[in-house]
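Here's the structure, in structure tokens; my notes come after.
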Amino acid sequence: MFEATLSLSQPKQLLTLFGARDQNLRLIRDALGVSITHRNGQLHVFGDEKTVAQATHVLEQMRGLVERQETLSLEEVEEVLSRATGTWSHTEMLVDVFEPTQQVRPRTPGQGRYMQAIRDHELVFAVGPAGTGKTYLAVAMAVEALKQQQIKKIVLVRPAVEAGESLGFLPGDFQAKINPYLRPLLDSLHAMIDHEQIRQFMEQEVIEVIPLAYMRGRTLNDAFIILDEAQNATVAQMKMFLTRMGEGSKIVASGDVTQMDLPHTSRSGLTDAVVRLKDIEGIAQVTLTGNDIVRHRLVQEIVEAYETASVSPRSSSRRK
């Protein structure tokens, strides 16, 4: 067992160096199999000779970045780690979308695993909190598949489930009523394909953005099908959706099981499918966590607060 010690001249920079909830240190530990402890302004690294040397080099590079710029992103840590070890980094997994100025790539290890699972499997279930890129990255992978002519059609689907509001009281015809439910999917598309091309694709039915109910009775070949907010699909709806898959198609179903809007008596089709289909070859399941949140830093802290807070008597009357 070897040990190396790294002194920290500015202890106030510890939080930046370690990352939120020590995610930077965990990344190094997981990648290199070393132990890292902090005591009296010093980092102690334990492991075999090679990995201790690599980890020490990575930490020195990270310390230099913090001293120069006073910030340190997870992407920068991964790049330093990749250079030090000579291994593949998921930050290199650039997605080929239509909009040339848009750089789409995973920004956390969890997102990297998610995108790799989509590339390697025909059916992927993704579960995780808001802000982890479940929808955005799945849409990006679908756009890439369309651009590279791996598929002929993208179908983006959402359950039109009411979240405390009644559709009947919203203004406009039925299409106007369901548009708010489909808007997040359209927003992701607009980040990767220009407006005019999206319009043409939708007119040609190369891209469809539809409520889940509209999937009944269809069989989709050579399509990339994404079910967003899948936690709001019932068990029967999930079965109906999954059996729409035809030859040459790929399905991604994603959702946040802590934000269900189904009636009390209904079971989520997403949680049911994750358990029911877990042993079928060709199906991948990916769990994203608070560490994969890439929105404003407060989103991560808000999600963590809700996950760790005690359940009040009022909220416990309805389990989600």
Side-chain angles (χ1 to χ4, degrees), residues 95-98 104 114-128 132-161 178-179 181-193 197-198 201-256 268-274 276-277 280-286 288:
V95 184
D96 183 20
V97 297
F98 284 88
V104 181
Y114 177 38
M115 292 176 64
Q116 195 63 46
I118 294 174
R119 286 188 171 160
D120 294 342
H121 297 82
E122 295 175 338
L123 173 56
V124 176
F125 293 106
V127 177
T132 51
K134 301 184 300 296
T135 303
Y136 185 80
L137 293 176
V139 171
M141 299 294 284
V143 170
E144 178 182 67
L146 181 65
K147 183 178 179 182
Q148 296 180 356
Q149 300 183 344
Q150 299 170 8
I151 56 166
K152 297 178 180 178
K153 188 182 190 69
I154 295 175
V155 183
L156 307 178
V157 186
R158 251 193 170 209
V161 176
I178 65 172
N179 273 344
Y181 293 94
L182 307 179
R183 174 53 55 185
L185 295 170
L186 288 169
D187 288 343
S188 296
L189 271 179
H190 281 290
M192 303 166 205
I193 308 176
Q197 193 161 29
I198 290 177
F201 280 151
M202 296 185 79
E203 287 179 354
Q204 298 163 2
E205 296 189 347
V206 174
I207 294 179
E208 288 187 71
V209 186
I210 58 175
L212 177 59
Y214 283 34
M215 291 289 288
R216 191 172 301 278
R218 303 181 66 182
T219 298
L220 296 168
N221 298 317
D222 300 312
F224 198 121
I225 313 159
I226 299 171
L227 177 59
D228 188 38
E229 298 291 334
Q231 77 277 4
N232 286 330
T234 65
V235 173
Q237 287 174 328
M238 180 62 75
K239 178 184 176 183
M240 178 273 292
F241 170 76
L242 295 176
T243 53
R244 301 310 93 198
M245 175 186 278
E247 292 296 325
S249 290
K250 187 184 291 283
I251 285 181
V252 177
S254 66
D256 180 356
S268 168
L270 178 59
T271 56
D272 175 81
V274 164
R276 189 187 299 268
L277 308 178
I280 297 180
E281 186 177 353
I283 298 177
Q285 298 182 8
V286 179
L288 300 169

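- Nearest heavy-atom pair across Lys134 and Val127 is CD-C, 4.3 Å.
- Rounded to the nearest 0.5 angstrom, Ser188 OG and Leu137 CG are separated by 9.0 Å.
- The distance from atom CE of Met141 to atom CD1 of Ile118, rounded to the nearest 0.5 Å, is 5.5 Å.
- Between Met215 and Ile210, the shortest heavy-atom distance links the atoms SD-CD1, 3.6 Å.
- Side-chain atoms of Thr243 come within 3.5 Å of backbone N or O of Lys239 as a donor-acceptor pair.
- Minimum interatomic distance between Ile198 and His190 (heavy atoms only, all atoms of both residues): CD1-ND1, 3.4 Å.
- Counting heavy atoms from C-beta on, the side chains of Leu227 and Met238 come closer than 4.5 Å.
- Rounded to the nearest 0.5 angstrom, Ile193 CD1 and Ile154 CD1 are separated by 5.5 Å.
- In Gln149, the CD atom is not crowded: 12 or fewer heavy atoms of neighbouring residues, nucleotides or ligands sit closer than 6.0 Å.
- Between Pro184 and Glu229 there is no side-chain heavy-atom pair separated by less than 4.5 Å.
- In this structure, the separation between OG1 on Thr234 and CZ on Phe241 is 13.0 Å, given to the nearest 0.5 Å.
- Atoms CG and CD, on Asp222 and Gln150 in that order, are 11.5 Å from each other to the nearest 0.5 Å.
- How far CG of Leu189 is from CZ of Phe201: 10.0 Å, rounded to the nearest 0.5 Å.
- The heavy-atom pair separating Glu247 from Asn221 by the smallest distance is N-OD1, 2.8 Å.
- Shown here for Gly246 and Thr219, the closest heavy-atom pair between the two residues is CA-CG2, 4.1 Å.
- For the pair Ala142 and Ile226, the tightest heavy-atom approach, listed with the atom from each and the gap, is CB-CD1, 4.1 Å.
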